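Below you'll find the structure, written out as structure tokens, and then a few comments.
Since we're looking at a predicted model, the values are computed, not measured. Note that ligands are numbered from 1 as they come in the structure, with each ligand's atoms numbered from 1 the same way.
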Amino acid sequence: MYNYDPKSLKAEEFINHEEILASLQYADENKNNLKLVDQILDKAELRKGLSHREASVLLACEDPERIDRMYKLAHQIKLDFYGNRIVMFAPLYLSNYCVNGCVYCPYHAKNKHIARKKLTQEEIVKEVTALQDMGHKRLAIEAGEDPVNNPIEYILECIKTIYSIKHKNGAIRRVNVNIAATTVENYRKLKEAGIGTYILFQETYHKESYEQLHPTGPKHNYAYHTEAMDRAMEGGIDDVGLGVLFGLELYRYEFAGLLMHAEHLEAVHGVGPHTISVPRIKHADDIDPSAFDNSISDDIFAKICALIRIAVPYTGMIISTRESQSVREKVLPLGVSQISGASRTSVGGYCEPEPEEENSAQFDVSDNRTLDEVVNWLMRLGYIPSFCTACYREGRTGDRFMSLCKNGQILNCCHPNALMTLKEYLEDYASEDTRKIGEALIEQELKKIPNPKVQKIAYEHIHDIAGGKRDFRF
Ligand code: SAM
């Protein structure tokens, strides 16, 4: 192993370029060393994760039998730790004002023909009401970086507004935040505002490419961006979400970098990332695709998902509507734990579909189904769509959530919570067909709760939800 320090607080030391190159070389030299590949897979069977180097060997290995074993193991780990639940969320775009120059993003400051929009608090009420009326309980708020138009005070005000809206039986119970890297002080304010996960995509871990892809604006600073999660944790945020924008750089480099980042968080803060997102670059307004021609096939994408599940078993994995129904169907069994549904990537898009000439969307969505269609589809595939937000509301964040996962308490806790929130969805928002499938699913899944006491209470709560009560949780 190259001599580097995952505990260092300096970006270039914990995401060590030489160590990544050495890992990729090691992986390349050993990709046909099936004895080593089998040893790594045996270690992965213990469900304690893998190092970036070990996982890189698996990523490089092209032996069909071993790949099959990777997929089966990823599926089994997902079932053991997460069961068949899939948590639902939607993004809410607050503002597309942005001072950065990210070459892959249509929000870049030089794009003069995109309609710049920022939601007022009244507009937020409308957007959130529309989201509640679909059945959403969990949002990820998104904004460009612009200290004048979208200062932290604006973001905090929006969060307050979102939590305050109670329309019919609707409520947004968890707001995750995806905004640009900021200061410890601002992270503390976000924590105080009651956010769930702070999400920040690294885009690329390759410093040189990073600087070229972010030529202007505050985001140009690689170290400030890469060290953001440490500042977020210093500011008291326990749950952070990592991600790479696949397609910008070579995927093997990104994969190793992503796992090194997870190892760093574990080494320094004692808890790894709460989630990992795997966005792939999409067509968007005013971007030149030749500037980052590293797109990955659906098969490689699936392998990356499976290996993330194996390498960091306790970390949730998120797939957005950047992916089509068929790709989502392919990766769901490989370890995905959260998906978005019925997403709009334009500012104000939930209330009014945008006229073509006003295009403010961030990227094209590949899954355009309604939330009801997504919920119906998931259940037909044997998954439980979950609208649960209990953990963070019960203070089970950071290592407390991880220990729930590690102690196998998911079936006594997350499982009934998923069923109760699904029941709420069926009562308040589902179509008749979805409701029918859902009722049968709940009946069947309640029987799987191992602790008889918990099972009895869950039955009672489901009964009470049918009678009009809401918001039970374990
Ligand atoms: N502006 C914030 C920042 O600087 O991190 C984050 C919000 S941005 C709305 C969310 C993410 O969208 C970005 O981090 C980037 O990975 C992704 N994104 C940007 N352009 C994209 C594109 N053309 N296709 C797919 N995803 C894109």
Main-chain N/O of [Y] paired to [X] side chain as donor or acceptor, under 3.5 Å:
X	Y	result
Asn294	Leu248	yes
Arg309	Val312	yes
Asp367	Arg369	yes

For [atom], grab the closest protein heavy atom and report residue, atom and distance to one decimal in Å.
atom	answer
atom 24 (N) of ligand 1	Lys282 N, 2.9 Å
atom 11 (C) of ligand 1	Phe201 CD1, 3.8 Å
atom 9 (C) of ligand 1	Gln362 NE2, 3.3 Å
atom 6 (C) of ligand 1	Asn178 OD1, 3.4 Å
atom 4 (O) of ligand 1	Lys219 NZ, 3.0 Å
atom 25 (C) of ligand 1	Arg322 NE, 3.2 Å

Can you find a pair of side-chain heavy atoms, one from Tyr154 and one from Gln121, that are under 4.5 Å apart?
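Yes, side chains in contact.
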Do Phe14 and Asp230 come close enough that some side-chain heavy atom pair is under 4.5 Å?
yes
Report, in ascending order of atom number, the atoms of ligand 1 lying under 4.0 Å from any heavy atom of [X].
X	value
Leu200	5 (O)
Ala284	23 (N)
Cys105	19 (C), 20 (N)

With a distance cut-off below 6.0 Å to the six-membered ring centre and an angular limit of 45° from the axis, does Arg47 pair with Phe81 as a cation-pi contact?
no
Taking the six-membered ring of Phe363, is the NZ or CZ of Arg280 close enough (under 6.0 Å from the centre) and on axis enough (within 45°)?
no
For ligand 1, indicate whether the residue [X] contacts it via side chain, backbone, both or neither (heavy-atom separation under 4.0 Å).
X	value
Glu142	side chain
Tyr104	both
Leu245	side chain

Geometric N/O contact Glu203 with ligand 1, under 3.5 angstrom
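Yes: some nitrogen or oxygen of Glu203 is under 3.5 Å from one in ligand 1.
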Check for me whether Cys102 has a heavy atom closer than 4.0 Å to any atom of ligand 1.
no
So is Arg280 close enough to ligand 1, meaning a heavy atom under 4.0 angstrom away?
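In this structure, Arg280 qualifies as a contact of ligand 1 - some heavy atom is under 4.0 Å.
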His225/Phe201 aromatic ring centres below 6.0 Å:
no
Give a yes or no on whether the ring-centroid distance for His136 and Tyr429 is below 6.0 angstrom.
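Ring centres of Tyr429 and His136 not closer than 6.0 Å.
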Select the closest option to atom 7 (C) of ligand 1 among Ala143, Ala361, Ala140, Ala180, judged by heavy-atom distance.
Ala143
Is Lys160 atom NZ crowded by more than 12 heavy atoms from other residues, nucleotides or ligands, each under 6.0 Å away?
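Counting neighbours around NZ of Lys160, 12 or fewer heavy atoms of other residues, nucleotides or ligands fall under 6.0 Å, so no.
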